Protein chains: 2
Amino acid sequence: MSGGKAPGGGRGRRARVTLRQIADEVGTSQSTASRALAGHGYVAPELKARIEEAAARLGYVPDISARTLKGHSSGLIGLLVSDLRNQFYAQLAAGVEQTVAAAGHQVVLVDDHGDEAEAVRGAKAFVAMRAAGVLLAPVGREATELLVGHGTPVVEVDRRSGVRGCDAVIIDSESGAREAVGHLLALGHRRIAVVVDETVWDTGRNRLKGYRAAHRAAGVPLARRLVLDLGLRPDDPRRDVAAFLDANPDVTAVFAANNVMAEAVWQELKRRGAAVPGRCSMVSFDDLTWMRVVEPGLTAVRQPVYEMGNRAAQLLIERIDGGHGRAETRTLRPELVLRGSTAAPASAPGADIGAS
Amino acid sequence: MSGGKAPGGGRGRRARVTLRQIADEVGTSQSTASRALAGHGYVAPELKARIEEAAARLGYVPDISARTLKGHSSGLIGLLVSDLRNQFYAQLAAGVEQTVAAAGHQVVLVDDHGDEAEAVRGAKAFVAMRAAGVLLAPVGREATELLVGHGTPVVEVDRRSGVRGCDAVIIDSESGAREAVGHLLALGHRRIAVVVDETVWDTGRNRLKGYRAAHRAAGVPLARRLVLDLGLRPDDPRRDVAAFLDANPDVTAVFAANNVMAEAVWQELKRRGAAVPGRCSMVSFDDLTWMRVVEPGLTAVRQPVYEMGNRAAQLLIERIDGGHGRAETRTLRPELVLRGSTAAPASAPGADIGAS
DNA sequence: TTCCCACATGGGATCGATGCCATATGGCGT
DNA sequence: ACGCCATATGGCATCGATCCCATGTGGGAA
């Protein structure tokens, strides 16, 4: 509290402050200075106080690389996501950061843009920096395998690559999808489209599975033509949705498998002036800000994304300091939030949403 | 390719692979192995090939801490933002990450939640890890001073703390606000409210300044009662907006100084069934997804946030590898995007938006 | 008095990559 | 025959914190 000026005082300050300099300043050895500042072993209280004072006065900040080199692990935690511009991943990153920071570690962030080669490069960087652990939303097996092979603790988030030896925290896509589609079926819809952009990861696959399961449970036959799979990173999903609706003008409801698809569907329905839910109901998997702000609000499967980030980071940290039990997968339950975009289908059979 | 198996092969792999082991494997020295892999100095081509093969075969990944310890700087770049859950900062982070990754560095992400003490802790961590440079949206002077004092290159983003010796990339808040409010004035509005949540940083301050400048330019008198300042991190901004509208039922347009305020204003206008723009026009500073999705679309000042992240990272990297010129501030121009939420005020004088 | 132990401090090896410097060889010019 | 330089390789100090071990001191018990 008293004299502790802001270290550096804005001056040139070329010389880095090391333990050595603290020791010289006080007239003791590095060993003792180290013990004093670390709080281990014996140091006379008076000397310890002088060392701490000198450290504060000179603005000493220990060098993490030196510590890491000796101790075999930096405090850094890697986080690999697929698209930070997507609110989903941003929320996830925020949740992770919060827990990691609370535990006194830092997050190293890498965005692989859904590209496995970039993911592998990120994983290599994590190994190189001796990251204490890594959290990732896998885009393939390779990155996870590389990390696990190097003995780095890994927790997968949102999806699983299937690599053995790593924990995972995921959201139950199948039951969320089943509930959402079940809701539409219960309202009386019989021609429900599903729009996905990937079925290579277990998220997309399981949402599709849930869609089918709901149909089976309701005894409603499935039609392959009602499944619109745009493939990863489509150029202009809205246009694809438009073409699909032209080809299938009889659909009365759409289930969008993620927030990107939901936006495309919503925009296209608005563009062609199709009343929601009058002519066409819709449900989104993943609930973003805009979905509760638009008129009518979108019925959506809310995923506890931020919490998923918290939990995953928590699990990783437990694994890092000592947990050697079996790898486990924790599953979070999503929640269907009913809003205005879903209603019973129009009774008039002629009212379809095809192009004018 | 040929034999290059996935390193580690999933087995236990206890022993870390170091340069030493590569050297032993090939029957040469660390020095030579280092030169071979780094590409500096003399190494016989045949020997170099054998060393590279051994490195690949054993899955050698150089230890960054050792390199950092020797070289005085890690390749890490710190990024300090105020709230990752806010799309604005998420976009910013995405832009930064992209440029940083392209330059072969990594981003260390810290979210200070707008709290200066946390920002200082983050800054200390950056110094400790010998970050090559730091990007931050300042929440005070202290973090920047600490970093600059330790000789770490700093680029401030979105706001400036006023600390000398660091670059900055910002968006011209004042002119953006002037344009937005000028647009409302040109439409004939004379009682335009402005809603801000901070005037302590230069963003909020300059947006308010732009609001005033537009009024002066149009010769419209300012009324203090039309300025709603909620202060940082208000509990329930929507309620505050409601109280404000009750107290000032004669406003015909609202200028929201950022995306959080815009959401509160929008929600409240919708809640009380006030037609937009029929009874009340509105403009947002900052343009998010939902603003173009709602009906009618929100007129907004679009900020090139992602690009700001790119540019800031670019500037920092230039500064890191050698740029020793004077600190500079680059200013990006925002752009007013006209959508449906702004129109001429209702001619009927009695039509106000007070509580029912 | 002697021994032991708690207390206290310093010496120095260690982590792994880097890069300077010493050493060594062979070819070529004078 | 001598020297020089390009080529090639290894030895070793270095970066800074940590921690084991050696050393040293004083007090209390036997």
Side-chain angles (χ1 to χ4, degrees), chain A residues 14-52 54-55 58-76 124-125 127-132 150-151, chain B residues 14-52 54-55 58-76 124-125 127-132 150-151:
Chain A
R14 283 305 114 206
R16 294 215 161 284
V17 184
T18 72
L19 252 196
R20 175 84 223 180
Q21 319 204 2
I22 307 283
D24 289 352
E25 182 82 10
V26 178
T28 179
S29 68
Q30 297 179 59
S31 313
T32 304
S34 174
R35 259 176 286 127
L37 297 173
H40 304 311
Y42 294 111
V43 189
E46 186 268 349
L47 179 55
K48 175 168 176 172
R50 273 169 50 222
I51 291 171
E52 282 169 344
L58 299 180
Y60 170 68
V61 179
D63 187 315
I64 293 294
S65 352
R67 187 176 290 169
T68 302
L69 183 56
K70 190 87 220 293
H72 287 296
S73 163
S74 68
L76 298 175
K124 284 217 180 98
V127 172
M129 68 182 67
R130 304 302 187 247
H150 276 273
Chain B
R14 282 304 115 207
R16 295 213 159 286
V17 183
T18 71
L19 253 196
R20 175 83 223 181
Q21 320 205 2
I22 307 283
D24 289 352
E25 183 82 9
V26 178
T28 180
S29 69
Q30 296 179 58
S31 313
T32 304
S34 174
R35 259 174 287 129
L37 298 173
H40 305 311
Y42 295 111
V43 190
E46 187 268 351
L47 179 54
K48 175 167 176 174
R50 275 168 49 222
I51 291 171
E52 282 169 344
L58 299 181
Y60 170 70
V61 178
D63 187 316
I64 293 293
S65 351
R67 186 177 292 171
T68 301
L69 183 55
K70 190 87 221 291
H72 286 297
S73 163
S74 67
L76 299 174
K124 284 217 179 99
V127 172
M129 67 182 68
R130 304 304 187 245
H150 276 274

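Atom set for the values below is all heavy atoms of this structure, side chains included, hydrogens, waters and symmetry mates excluded. Per chain, numbering begins at 1; letters A, B, ... match sequence-line order. As the structure is a computational prediction, the values presented were derived from the model and not from experiment.
- Among the protein residues, A:Ile64 comes within range of no part of the nucleic acid, since none of its heavy atoms lies under 4.0 Å from any strand.
- In this structure, the separation between CG on A:Leu19 and OH on A:Tyr60 is 3.5 Å, given to the nearest 0.5 Å.
- Running 5' to 3' along DNA chain C, contacts with non-hydrogen atoms of chain B at under 4.0 Å begin and end at C:dG16 to C:dG19.
- Atom-to-atom distance recorded for B:Lys124:NZ and B:Met129:CE is 14.0 Å, nearest 0.5 angstrom.
- Within a heavy-atom distance below 4.0 Å of DNA chain D, no residue of residues 39-46 of chain A is found.
- Applying the salt bridge (charged side-chain N to carboxylate O under 4.0 Å, His left out) rule to A:Arg67 yields no partners; only residues at least two apart in sequence or on another chain are considered.
- In terms of the side-chain hydrogen bond (donor to acceptor under 3.5 Å, both in side chains) criterion, A:Ser73 has no residue partners (sequence neighbours excluded).
- A distance of 8.0 Å separates NE2 of B:His40 from OG of B:Ser34, quoted to the nearest 0.5 Å.
- Taking the side chain as every heavy atom from C-beta outward, B:Val17 and B:Val61 never approach each other to under 4.5 Å.
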Task: Chi angles and distances behind the side-chain contact (heavy atoms from CB on, under 4.5 Å) call for A:Leu76, A:Thr68 - done: CA-CA 10 Å; A:Leu76 298 175; A:Thr68 302; over 6 Å; no
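- Taking B:Arg50 as the reference, B:Glu46 meet the salt bridge (charged side-chain N to carboxylate O under 4.0 Å, His left out) condition, with sequence neighbours excluded.
- The side chain of B:Ser31 places no N or O atom within less than 4.0 Å of a non-bridging phosphate oxygen (OP1 or OP2) of D:dG10.
- Taking the side chain to side chain contact (heavy atoms under 4.5 Å, CB included) definition, one finds that A:Thr18 meets it with A:Arg20, A:Gln21, sequence neighbours left out.
- Atoms CD and CG, on B:Gln30 and B:Asp24 in that order, are 8.0 Å from each other to the nearest 0.5 Å.
- In this structure, the side chains of B:Arg130 and A:Asp63 come closer than 4.5 Å at one or more pairs of heavy atoms.
- Taking five base pairs at each end of the helix from C:dT1-D:dA30 to C:dT30-D:dA1, the local helix axes there meet at an angle of 60°, rounded to 10°.
- Scored by the salt bridge (charged side-chain N to carboxylate O under 4.0 Å, His left out) test, A:Glu25 finds A:Arg57 as partners (sequence neighbours excluded).
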I'd like a list of close polar pairs between nucleotides 14-16 of chain D and the protein, N/O only, cut-off under 3.5 Å.
residue : atom : partner : partner atom : Å
D:dG16  : N2   : A:Ala66 : O            : 3.3

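- Partners of B:Thr32 under the side chain to side chain contact (heavy atoms under 4.5 Å, CB included) rule, at least two apart in sequence or in another chain, are B:Thr28, B:Ser29, B:Arg35, B:Val43, B:Leu47, B:Ile51.
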